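I have placed the structure first, in the form of structure tokens, so that the comments after it can refer back to it.
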Amino acid sequence: MDRTRYEQALLDPADIYDAPADVLADDTFSTAEKIEILRRWEYDAAEIGVADEEGMPNPTGAMVHDILVALGSLGADLDLGHTPPTKQGGLDRRSIKTAGES
């Protein structure tokens, strides 16, 4: 695995990938690493959504939906009971579970 590329993907997934489906298609990373990349991307997209709500332009539109669909295809269940009570939303690490986790 290319550690530097993974670290870049964690810092700014949209800088590495054009769409969440590109994360799924990347054979470089494990399922757990892909989930973490998508989780970070979801948080970034939620931040952009807040900016849009506050009158700043939002070029990403349905990105959060696409990210959640990608997470679901990796077998990550979303536990919305663990989402932060903030305007930004975002998914807490505990919100995304994979098969076998409780």
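Since this is a predicted model, take the numbers as computed values, not measurements. We count residues from 1, following the sequence as given.
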Salt bridge (Lys or Arg N to Asp or Glu O under 4.0 Å) between Glu33 and Arg5, worked out: CA-CA 12 Å; Glu33 290 166 331; Arg5 188 163 175 271; over 6 Å; no
Derivation and outcome, salt bridge (Lys or Arg N to Asp or Glu O under 4.0 Å), residues Lys34 and Asp22: CA-CA 10 Å; Lys34 289 177 184 182; Asp22 297 335; over 6 Å; no
Check against salt bridge (Lys or Arg N to Asp or Glu O under 4.0 Å), Arg40 and Glu36: CA-CA 6 Å; Arg40 303 257 183 125; Glu36 184 61 20; 2.9 Å; yes
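A distance-only check finds no donor-acceptor pair linking the side chain of Glu7 to the backbone of Thr4 [under 3.5 Å].
Contact check for Asp26 versus Tyr17: side-chain heavy atoms found under the 4.5 Å cut-off. Put simply, the side chain of Pro13 reaches to within 4.5 Å of the side chain of Asp44, judged on heavy atoms. Leu24 places a side-chain heavy atom less than 4.5 Å from the side chain of Leu38. Between Ile37 and Tyr6, the closest side-chain pair of non-hydrogen atoms falls below 4.5 Å.
Trp41 and Ala19 make their closest contact through CH2-C, 3.4 Å (heavy atoms, listed as atom of the first residue, atom of the second, distance). Across all their heavy atoms, Ser73 and Ala70 have their closest contact at OG-O, 2.7 Å.
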